[in-house]
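Just below is one structure, and these are the notes that go with it.
All values below were derived from every heavy atom in this structure, side-chain atoms included, with hydrogens, water molecules and symmetry-related copies excluded. Residue numbers begin at 1 in each chain, while the letters A, B, ... track the order of the sequences. What you see is a predicted model, and the numbers here were worked out from it, not measured in a lab.
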Protein chains: 2
Amino acid sequence: MTTHIHSNQNTLQSLEHNHNDCVSEALVTAEHLCIDRGVQLTPIRHKVLELIWESHKAVKAYELLDRLKPLQQAAKPATIYRALDFLMEQGLIHRVESLNAFVGCRCSGHQHEQLLLICKLCQEVEERNAKEVMSALSEETKQAGFIVYSKAIEVHGLCAKCQDLSVEKS
Amino acid sequence: MTTHIHSNQNTLQSLEHNHNDCVSEALVTAEHLCIDRGVQLTPIRHKVLELIWESHKAVKAYELLDRLKPLQQAAKPATIYRALDFLMEQGLIHRVESLNAFVGCRCSGHQHEQLLLICKLCQEVEERNAKEVMSALSEETKQAGFIVYSKAIEVHGLCAKCQDLSVEKS
DNA sequence: AGTTAAACGTTATAATATAGCGTTTAACTA
DNA sequence: TAGTTAAACGCTATATTATAACGTTTAACT
Ligand SMILES: [Zn+2]
Ligand SMILES: [Zn+2]
Ligand SMILES: [Zn+2]
Ligand SMILES: [Zn+2]
């Protein structure tokens, strides 16, 4: 049993990078950004953002609710959905449409077109700018005479780490 | 009131093309395709496909259920979801992830990567092959070392017809 | 300090989707 | 063509996701 550390709970990605850095960067960025914009990153909103950043996995609203309850006795669905709405408005998280789930945004405050690579095995979501994809898409919508308001580009499959994991196991 | 025929119920697209042709083509294609594949396009599945093809709009499961009930007394959620699952498996319809809704596929039986252009005004969905987008996307996922199982590329905005409509009205 | 708007608490309910199990129907086999 | 098997369907219940509505508290702004 040399592969037990490669469970879905502890993915290679989780082990290979210092996730504390991801979390603190995301939170510090969010705090600054909200101050700059004059919007309130209230304790509840901050906690929800922190909970989302517990991993790079897409996380469900009611899963967040369960995790928030111990910290926030009064938490109800509306509590979570309001916080999620705020965090999305501020571009701090993304909604993964094809999963009805949410994931922290790695480029908060910058441009906001993104491609999400969603791993079926570890559930982690990788966000990519994918400039070439976006420009091809702009060209395509232009040809269609379509005015774009928003985009959801989501790819499901197997991430590089989970492929390695499969190879190791075999 | 010269613009009343341009309501959301009767879009320009609805008026400008013979939608009966869309419907019969979709149904005939589906019938042939199911025979070829040795799968059953049962009366219920056929009816649901027909209901989906009543327009080019994305349609919700429970909306379909309401419309099916008069024709199929026993219809329950499972009735609809089973039919939808079948139709999706056969590539006869697409699920619009960002709307939790469904739309008829215009290129059933062919390749299946597609871009969906979803109009916020008329709710109609245009399906495009978008070859350049797809090849850029393939390149991007390749660079990410990501093995693709499925894709959802959904763009929300304003279709050409609804833009014209806005201009006419102003 | 008073006014106003945002955020939150709370209850209820809407909307979307699946599980499980028994019955009917169709397809296949001998 | 009768028997066998698997698919499709009926039916009940329930899980999951999300919003509405309204009153109270808190923060921001005169
Ligand atoms: Zn990390
Ligand atoms: Zn993975
Ligand atoms: Zn048509
Ligand atoms: Zn339109």
When you measure from the side chain of B/Tyr81, which nucleotide among D/dA18, D/dT17, C/dT16 comes out closest? C/dT16
A/Ile80 CD1 to C/dT10 C1', in whole Å, measures 16 Å
Approximate separation, where rounding is to 0.5 Å, of A/Arg82 CZ and A/Lys76 NZ: 11.0 Å
Separation of atom CZ in A/Phe86 from atom P in C/dA7, rounded to whole Å: 7 Å
Measure the distance from CG on B/Asn100 to C1' on C/dT18 and round it to the nearest whole Å. 14 Å
Stem finding on DNA chain D, please: runs of three or more consecutive Watson-Crick or G-U wobble pairs, both distances under 3.5 Å, sorted by first number. C:1-30 with D:1-30
From C/dC8, C/dT10, D/dA8, nucleotide with atom closest to A/Ala74 side chain: C/dT10
Are OP1 or OP2 of D/dG10 and a side-chain N or O of B/Gln73 less than 4.0 angstrom apart? no
Quick one: is B/Arg95 getting a side-chain N or O under 4.0 Å of the C/dA17 phosphate, OP1 or OP2? yes
Quickly work out the A/Leu84 CG to D/dA18 C1' distance and round it to whole Å. 11 Å
Options C/dT11, C/dC8, D/dG10, nucleotide nearest the side-chain atoms of A/Lys76: C/dT11
Do A/Met88 and A/Leu68 share a hydrophobic cluster, counting only Ile, Leu, Val, Met, Phe, Trp and Tyr and linking them when any side-chain heavy atoms are less than 4.5 Å apart? yes
Roughly how many Å is it from CZ in A/Arg37 to C1' in C/dA6, rounded to a whole number? 18 Å
According to the side-chain hydrogen bond (donor to acceptor under 3.5 Å, both in side chains) rule, which pairs have a member within residues 138-149 of chain A, sequence neighbours left out? A/Glu139-A/Gln143, A/Glu140-B/Arg128
Do the non-hydrogen side-chain atoms of A/Met134 and A/Ile153 ever get within less than 4.5 Å of each other? yes
Can you tell me how far C1' of C/dC8 sits from CG of A/Leu68, to the nearest Å? 12 Å
Charged N-O contact under 4.0 Å between A/Glu25 and A/Arg106: no
Would a hydrophobic clustering, with Ile, Leu, Val, Met, Phe, Trp and Tyr connected at side-chain separations under 4.5 Å, put B/Ile118 with B/Val133? no
To the nearest Å, how far apart are B/Leu65 CG and C/dA17 C1'? 12 Å
Smallest separation among heavy atoms of A/Cys105 and A/Trp53, with atom names: O-CZ2, 3.4 Å
In B/S/- notation, 5' to 3', how is nucleotides 20-30 of chain C contacted by protein heavy atoms closer than 4.0 Å? BB----S----
Looking at every strand, decide which applies to A/Glu63 at a 4.0 Å heavy-atom threshold: base, sugar-phosphate, or nothing. nothing
Roughly, in whole Å, what's the span from CD in B/Gln72 to C1' in D/dA8? 12 Å
Would you kindly check whether a donor in the side chain of A/Tyr62 faces an acceptor in the base of D/dA18, or vice versa, at under 3.5 angstrom? yes
Do you see a donor-acceptor pair shorter than 3.5 Å between the side chains of A/His56 and A/Glu126? no
Can B/Glu113 and B/Lys151 be counted as an ion pair, charged N to O under 4.0 angstrom? yes
Can you tell me how far the OH atom of A/Tyr81 sits from the CG atom of A/Leu65, to the nearest 0.5 Å? 9.0 Å
Is the distance from OP1 or OP2 of C/dT16 to the nearest side-chain N or O of B/Lys60 less than 4.0 Å? yes
Go nucleotide by nucleotide along DNA chain D from the 5' end; which of B/Pro77 and B/Pro43 gets its closest nucleotide reached first? B/Pro43
Among the candidates D/dG10, D/dA8, C/dC8, find the nucleotide nearest to the side-chain atoms of B/Arg45. D/dA8
